[in-house]
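Numbers restart at 1 for each chain; the letters A, B, ... are given by sequence-line order, proteins then strands. For the numbers below, each heavy atom of this structure counts, side chains included, while hydrogens, waters and symmetry mates do not.
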Amino acid sequence: MGPVELKSKLFRETPHAGRAFVGGLTGEARHALSASTVRVHLRVEAGVISEARYEVRGCPDLIAALDLAVQSLVNQSVSSWVLDLRAIAQAVGAPTDKLGKLLTIEDAIRAAAIGFAER
Amino acid sequence: MNEIPGQTVVYLDYAASSPLDARVAAVMAECLTDTQAAGNPSSTGHVYGQRAAQRIELARAQVAGLIGASPETLLFTSGATEADNLAILGAARGNKARRGRHLITSRTEHKAVLGACQQLEREGFRVTYLTPSTEGLVSADQVLNVLREDTVLVSLMLVNNETGVCLDAPAIADGLKGREVLFHLDAAQAAGRVPLDVHVLGADLISLASHKIHGPIGVGALYVRLNPRPVLLPLQFGGGQERGLRAGTLATHQIVGMGAAYDWATREGVSESSRLVALRERLWTRLQSLPDVFLNGQGAPRAPHILSVSFAGVDGEALRMGLPALAVSSGAACSEGSSEASYVLRALGRDDALAAATLRLSLGRMTTQAEVDFAAEKIIAEVTRLRHLAPTTN
């Protein structure tokens with residue numbers, strides 16, 4: 001599946017969209033210029049992200065990239081997670097001028113993960 | 001509805017361009033294949049040119065008929081953009097010595113008008129850009145309040161291409177009476193949609209399009225009042241066609257097509273307008289089942305074929321991508337390449353996010369009730385999906 005088809009599929013199906021987990025972690029970030037908002041929900045078991053969901057208001061590139069991003073978090077340590085945003089942007093064919101907006105994904109995950117450290 | 005492989009697509013972008021009417025296409029095809037009318041319409045020394053010229057004069061009379069004008073007031077152009085440019089640049093340059101270098105227009109004009117005004121600013125003219133009311137209206141008082149001794153031209157659109165809001169042109173023309181200020185109307189969206197009578201409108205110059213009312217793309221016209229006849233300077237030079245104001249061989253088949261489109265619009269007149277109003281209201285009634293939807297131009301008189309609706313709480317780009325079954329516009333089609341929110345909607349006070357989350361749904365002769373219902377169902381479903389996806393308020 002090419003980037004255009006993948007973006008379209010994730011935008012339409014949003015398989016990992018969902019509300020907060022009971023007892024889970026939540027982080028939010030906004031992109032002021034576009035009024036986009038990303039909220040990431042994590043379920044963490046023994047320090048490992050076992051499930052991830054999101055809520056989002058934003059463009060199709062942001063939605064598709066966010067869906068891929070939360071998928072990539074599963075089975076990662078909540079205190080040392082890694083996100084290859086550039087590869088994700090490439091996978092969904094997001095134009096380079098959207099990279100600033102896509103950074104809200106990383107900010108939202110970080111905000112959620114900080115919640116684990118503070119517990 | 002149109003079948004694109006694997007998918008039905010409903011066309012609701014008639015304000016951008018309306019499909020060529022089959023009856024118009026038939027007249028154009030006949031013209032293109034009529035070898036007896038294959039001459040240059042300026043070559044009236046032989047029968048081939050004479051027949052082409054006759055066809056053009058018939059078309060001129062047909063276009064004039066829709067606006068209550070005499071045929072000799074019309075000159076053909078390549079479209080409404082050229083007509084706007086000729087009217088604004090031609091009138092301003094042609095009357096600066098007599099009147100001065102000040103123009104009045106509004107912030108919600110088509111880019112053909114704004115671009116021409118910006119060019120005049122580069123040439124030393126001053127332009128006052130009026131801000132319409134939140135309903136999208138420019139009043140006669142607003143215009144008269146900014147008139148100056150050196151005002152040469154007032155240029156406004158009769159029907160706004162994004163909101164469909166109609167200008168009270170007769171009131172403005174009344175206010176300008178006796179002041180020697182030229183009045184130009186961009187009627188690209190108005191012809192065939194709202195009643196047009198040059199004697200009622202009172203404008204000196206009126207731009208007309210062909211492809212907005214099921215005629216061919218690539219042809220338009222400029223009405224130039226006969227008495228008193230405004231001074232216009234041409235923008236291009238050559239063979240002196242169209243009374244020296246628009247040089248270039250006339251495109252007979254295009255002009256014949258425009259004539260046929262205007263003729264059909266004249267014949268169908270009020271009945272088609274009433275049908276479009278009913279469809280537009282049906283669509284708006286259905287969309288109001290969603291919370292937080294806003295009609296742009298609410299409270300103002302609006303043309304029958306345009307419905308501009310803003311949807312709070314959704315991203316504009318996501319909304320458009322989520323509606324592949326609808327051919328609609330998010331604003332002016334000419335701005336479609338830009339992701340910037342519509343300057344027209346921002347001028348009406350919509351914030352950037354709401355302006356971006358706006359759909360312009362425009363109807364035409366081929367629009368059916370089934371299509372309107374289909375569109376409403378798709379929009380409601382997609383707005384609901386996107387809002388459900390959005391973060392809930394804590």
Could you tell me which of A:T37, A:V38, A:D61, A:L62 has the largest number of non-hydrogen atom pairs under 4.5 Å with chain B? A:T37
Of the listed residues (A:G18, A:A17, A:G58, A:S34), which shares the most heavy-atom pairs with chain B below a 4.5 Å separation? A:G58
Proximal component of A:T14, with respect to chain B [non-hydrogen, under 4.5 Å]: side chain
Using heavy-atom distances under 4.5 Å, tell me whether A:I63 contacts chain B through its side chain, its backbone, both, or neither. side chain
Quick check: do A:E55 and B:L389 have side-chain heavy atoms less than 4.5 Å from each other? no
Decide if atom CZ of B:R126 counts as having more than 12 heavy atoms of other residues, nucleotides or ligands within a radius under 6.0 Å. no
Can you tell me if CZ on A:R30 sees more than 12 non-hydrogen neighbours from other groups inside 6.0 Å? no
Listed by residue number, which members of residues 75-91 of chain A have a heavy atom under 4.5 Å from any heavy atom of chain B? none
Heavy-atom donor-acceptor pair, B:E317 side chain to A:P60 backbone, under 3.5 Å: no
With a 3.5 Å distance limit and no angle check, can you tell me whether B:R385 reaches the backbone of A:R12 through a side-chain donor-acceptor pair? yes
Which one of B:G313, B:G322, B:G316 has the most heavy-atom pairs closer than 4.5 Å to chain A? B:G313
Point-to-point distance, once rounded to the nearest 0.5 Å, from CE of B:M321 to SG of A:C59: 9.5 Å
Any idea which heavy atoms bring B:A353 and A:R57 closest together, and the distance? CB-NH2, 3.6 Å
